[in-house]
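Remarks on the structure that follows.
Each chain gets a letter, A, B and so on, in the order the sequences are listed, and its residues count up from 1.
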There are 2 protein chains.
Amino acid sequence: MGVTKTFGFSDEINDMAIVFKALGHPARMAIVEYLVKQKECVCGDIVNELPLAQATISQHLRELKTAGIIKGTIEGTSVCYCLNLDLLKHIENKLNLWSLDLTNEENKCC
Amino acid sequence: MGVTKTFGFSDEINDMAIVFKALGHPARMAIVEYLVKQKECVCGDIVNELPLAQATISQHLRELKTAGIIKGTIEGTSVCYCLNLDLLKHIENKLNLWSLDLTNEENKCC
DNA sequence: TTTATATATTGCAATATTACGATTAATAAT
DNA sequence: ATTATTAATCGTAATATTGCAATATATAAA
């Protein structure tokens, strides 16, 4: 094993898990935070910002992109990255629904 | 390697990464969704709900608990679990701040 | 064309994660 | 006391992830 089972779960659950998984790493969180502040950046900016090798950061950027969290546009010899606001709003919404569902309900056991 | 570097990132970033990482698995997402709907449950309920062995689910519950996402209370021979609303609100808040920061800003490149 | 610059990809070695059967622990029921 | 019942833990095999040096690729500058 070591394989994550996805059979038996709804597509929505599997998709959400992919997004959260991509966010679940300090380097990738740091990249997102950086993009929130800077709105956009090239890979090299992040290499200068984080204590990781260029190859490692390139890999993390690819994972964020695959998960749909960031978008990248080629600009000459660099690549400009920015956040996918739609996706962020989507998970923000999801969390909102969770809270709404939970507030106004007394938990009996915890 | 295979080790996640946490040195060089802020505590807040590392903490958020821990929470998102815990959410980044279909089984754990399914557990959270179930708890949103049911408000509370015992381990056995989830074992009946998900296509995974009891040992596996117990493990996932522990990870969610370690990350602070759920709380558990012993009730006789079972354990009653429920969501930690405070933590959920906290990350909801964080995502809200991200969106606020990003809206009203035109991205130049993507 | 050659050289510099920026990013992606490849190929590892080390470590982490996942899933599950088997076992244990701890309470409840008989 | 014995036996269910419930959940946690252990051990382990298979697979995934992480980080980086080295290399490749692709555009820009000289």
Side-chain angles (χ1 to χ4, degrees), chain A residues 1-9 13-14 17-18 20-31 34-35 40-67 70-82 109-110, chain B residues 1-9 13-14 17-18 20-31 34-35 40-67 70-82 109-110:
Chain A
M1 292 99 201
V3 188
T4 295
K5 268 200 183 181
T6 55
F7 182 76
F9 301 102
I13 289 219
N14 283 318
I18 287 171
F20 283 132
K21 185 177 180 187
L23 292 174
H25 187 286
R28 295 193 291 266
M29 273 297 302
I31 291 171
Y34 185 75
L35 277 172
E40 65 176 36
C41 70
V42 295
C43 172
D45 296 337
I46 299 170
V47 174
N48 291 328
E49 194 74 9
L50 303 188
L52 291 170
Q54 181 268 324
T56 308
I57 289 182
S58 186
Q59 229 173 231
H60 284 308
L61 284 169
R62 181 172 48 187
E63 285 181 65
L64 286 170
K65 203 171 160 192
T66 300
I70 62 174
K71 293 185 271 189
T73 321
I74 296 170
E75 271 194 355
T77 167
S78 13
V79 177
C80 182
Y81 286 104
C82 65
C109 67
C110 318
Chain B
M1 290 96 201
V3 188
T4 295
K5 267 200 181 181
T6 56
F7 182 77
F9 302 102
I13 290 222
N14 282 319
I18 287 171
F20 283 131
K21 184 177 180 185
L23 292 174
H25 187 286
R28 295 194 291 268
M29 272 297 302
I31 292 171
Y34 185 76
L35 277 171
E40 65 176 37
C41 69
V42 296
C43 174
D45 295 337
I46 300 171
V47 173
N48 291 329
E49 195 75 8
L50 303 189
L52 291 169
Q54 181 268 322
T56 307
I57 289 182
S58 187
Q59 228 173 231
H60 284 309
L61 284 169
R62 182 174 46 189
E63 284 179 66
L64 286 170
K65 203 170 160 192
T66 300
I70 63 174
K71 294 186 271 189
T73 321
I74 297 170
E75 270 195 355
T77 167
S78 16
V79 177
C80 182
Y81 287 104
C82 65
C109 67
C110 319

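Separating the NZ atom of A:Lys65 from the C1' atom of C:dT9 is a distance of 14 Å, rounded to the nearest angstrom. Between A:Asp45 atom CG and C:dT5 atom C1' the separation is 14 Å, expressed in whole Å. In this structure, CG of A:Leu64 is placed 14 Å from P of D:dT17, rounded to the nearest angstrom.
The phosphate of D:dA8 has OP1 or OP2 within less than 4.0 Å of a side-chain N or O from B:Tyr81. Taking 4.0 angstrom as the limit, B:Ser58 places a side-chain polar atom (N or O) nearer than this to OP1 or OP2 of D:dA8. Between A:Arg62 and the phosphate of C:dT9, there is a side-chain N or O to OP1/OP2 separation shorter than 4.0 Å.
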Going 5' to 3' through nucleotides 16-22 of chain C and flagging B where a protein heavy-atom sits under 4.0 Å of the base, S where only the sugar-phosphate is that close, and - otherwise, we get SBBBBBB
Once base and sugar-phosphate atoms are separated, protein heavy atoms under 4.0 Å mark nucleotides 24-30 of chain C, 5' to 3', with B, S and - as ---SS--
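The nearest pair of heavy atoms linking B:Pro26 to A:Ile13 is O-CG2, 3.5 Å.
The aromatic rings of A:His25 and A:His60 lie tilted to each other, with the angle between the two planes from 30° to 60°.
Within the 4.0 angstrom heavy-atom criterion, only backbone atoms of the sugar-phosphate kind lie near B:Val42; the bases stay farther away.
Remark: side-chain polar atoms of A:Asp45 are paired, donor with acceptor, to backbone N or O of A:Val42 under 3.5 angstrom.
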